[in-house]
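So the structure is just underneath, and the comments pick up after that.
Basis for what follows: all heavy atoms, side chains included, without hydrogens, waters or symmetry-related copies. What you see is a predicted model, and the numbers here were worked out from it, not measured in a lab. Read the numbers this way: they start at 1 and go in the same order the structure lists the ligands and their atoms.
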Amino acid sequence: MAIYQKSTSQFPVSKLNNMKKNPILNHLIWKTSIGFVLVSLLLSACLPASASPEGAGKRKVEVFSWWTGGGEAAGLDAMIKVFNQKYPDIEFINAAVAGGAGINARAVLATRLQAGDPPDSWQGHAGQELIGTYVKANQLEPLNFLYEKNHWLDVMPKNLIPLISQDGFIYSVPVNIHRANVLWFNPNILKQYNLPVPATLDEWFNDMDILQANGMQYPLALGEHWTAMHLMETILLSSLGPDKYTGLWNGKTDWNSPDVKRALQAYAKCLTYANNDASTLTWQDASQLVVNGDAAFNVMGDWAEGYFKELHKEPKIDFGWTPVPGSEGVFQFLSDSLVLPIGAKHREEAIAWLTLAGSKEGQDAFNPVKGSIPARSDGDRLLYDDYLQSAMDDWTQDIIVGSLYHGVVANDSWKTEISTALGVFLTDNDVDKFQTSLIGACRRFGPCK
Ligand code: GAL
């Protein structure tokens, strides 16, 4: 109770007044407070070891993510380094679980949350993943007090705040902006066969036809299941355009329309160019096929750029990039967003971590290495390489749409059902059946009637 009051005591007064007027909020806060007291009592009674096994008073913070390799761990390490300098008395416990896009980490996190054993802070995604899962389950503390104290509302993107808020409460600290709709290519291969950098889906397929005719059986590098879904969301965007793509998630685009069928057909065609061992490859394996010259193209979020840098590959020489053909002028975004759970064992230390993650210093340490741009608008542009500077420009100029796989547009249940339908499609290639499953998924978990 005391701890919860401490955070709310720094809310803007207007918010506190609104809360007083709002019986639902009052109920939630009451529930939260009681829940917190119970969890705290339980923790102090049952889990003294987790507070400090090797001596009272040791300060620590356990941060959970899936940033374990290929550019991602390096980004996290860069921010941990700054954290250690600023808070030498706090031990940083890196509880990262391997597996791109959180395929394993999110399951481990769910188990821990169910067991009442939350890490002190974890990596989530701005959007439906945050709001529809953790906020819905009443697992997070609002962070308005941190926004107030650090004046973050002045520097965080205005369009991002609604995606991490509910009822006026802000629930996370966005540490970056990633772009999902990037086509990475091998410039030497395009040069060798005199192929243009494709700007439309047809131009892209034409390039890949030529490569296949010249003996490159799999010009498109693809990895495990989630990367196929990542590819799918980018092709939906390219084929439908930004308005209709966004309409898929807010109920304005009919999943049963010929446009969606055409988009799924384009996706099916795209898959014919991909390696047939995709399910055995991580996203890093697939990215590497491009820079090694074994494939010409790969669609992946711009964390791939962090990986290329870790491999000491040169932008524009060893790898090139362009929006996924057909999506020029559109930025399909996601944002890694860090949270504070109700019942954090090391709450003050977690607040120190979140304060760094939201700061210019923290974001400028993390993002240039991670292959993302800062969520804050005041990042030091000179610290960012060619690709990232182009992403910074696009983020401010382009039409913005949200990523499916990385938590922005659909709640977890809907996303899981799409993923299951995709699993079937990847084995039977039946576009009609796939579309029917997607229509059903939207009816069950999305806004479709
Ligand atoms: C995304 C995450 C990125 C990156 C990627 C690959 O979901 O937002 O930061 O980690 O997965 O693992």
Side-chain angles (χ1 to χ4, degrees), residues 63-80 94-110 121-130 132-134 160 163-164 172-182 184 221-234 281-288 298-310 331-339 357 362-363 365-375 387-388 391 395 402-412 415-416 418-419:
V63 176
F64 189 92
S65 75
W66 55 87
W67 294 323
T68 59
E72 317 219 87
L76 179 58
D77 285 348
M79 193 154 60
I80 297 174
N94 184 353
V97 173
I103 43 170
N104 306 319
R106 293 213 50 214
V108 173
L109 178 63
S121 180
W122 68 81
Q123 167 198 5
H125 285 126
Q128 285 302 310
E129 177 183 312
L130 181 87
T133 303
Y134 309 121
L160 198 55
L163 298 177
I164 54 174
S172 73
V173 180
V175 69
N176 66 6
I177 302 293
H178 266 305
R179 186 175 193 168
N181 60 324
V182 189
W184 304 98
L222 187 67
E224 59 194 312
H225 181 86
W226 75 263
T227 75
M229 191 150 150
H230 182 113
L231 176 66
M232 175 184 131
E233 69 181 57
T234 67
L281 304 186
T282 64
W283 70 262
Q284 288 99 332
D285 294 333
S287 305
Q288 203 158 13
N298 172 239
V299 170
M300 190 38 57
D302 46 11
W303 43 90
E305 216 256 344
Y307 182 46
F308 294 147
K309 273 193 292 214
E310 189 166 283
F331 194 116
Q332 192 173 29
F333 96 101
L334 57 125
S335 170
D336 292 311
S337 222
L338 294 156
V339 299
Q363 300 207 354
F366 178 69
N367 291 302
V369 184
K370 175 70 165 62
S372 39
I373 60 173
Y387 166 73
L388 291 170
W395 171 244
S403 161
L404 164 64
Y405 197 86
H406 308 280
V408 184
V409 290
N411 60 56
D412 277 344
K415 175 182 144 184
T416 303
I418 294 174
S419 170

Inset, instruction - Report yes if the distance between the aromatic ring centroids of Y307 and W184 is under 6.0 Å, otherwise no. - result: no
Inset, instruction - Tell me, with the steps shown, if S403 and E233 meet side chain to side chain donor-acceptor pair (under 3.5 Å). - result: CA-CA 7 Å; S403 161; E233 69 181 57; 2.7 Å; yes
Legend entry - Spacing of L130 atom CG and I164 atom CD1 [to the nearest 0.5 Å]: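 Answer for the CG-CD1 pair, L130 versus I164, is 7.5 Å.
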Inset, instruction - Only counting residues at least two apart or in another chain, list the ones meeting salt bridge (Lys or Arg N to Asp or Glu O under 4.0 Å) with E72. - result: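 E72 satisfies salt bridge (Lys or Arg N to Asp or Glu O under 4.0 Å) with K370 only.
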Inset, instruction - I would like to know whether H125 and W66 meet ring-ring contact (aromatic ring centres under 6.0 Å, His included); could you show each step before the answer? - result: CA-CA 12 Å; H125 285 126; W66 55 87; 5.5 Å; yes
Inset, instruction - Could you name the protein residues that come within less than 4.0 Å of ligand 1, counting only heavy atoms, and order them by chain and residue number? - result: W66, W67, E72, G100, A101, Q123, H125, H178, W283, W303, L334, D336, K370, H406
Legend entry - Parallel, tilted or perpendicular: ring planes of H230 versus W303, cut at 30 and 60 degrees: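 H230 vs W303 ring planes: perpendicular.
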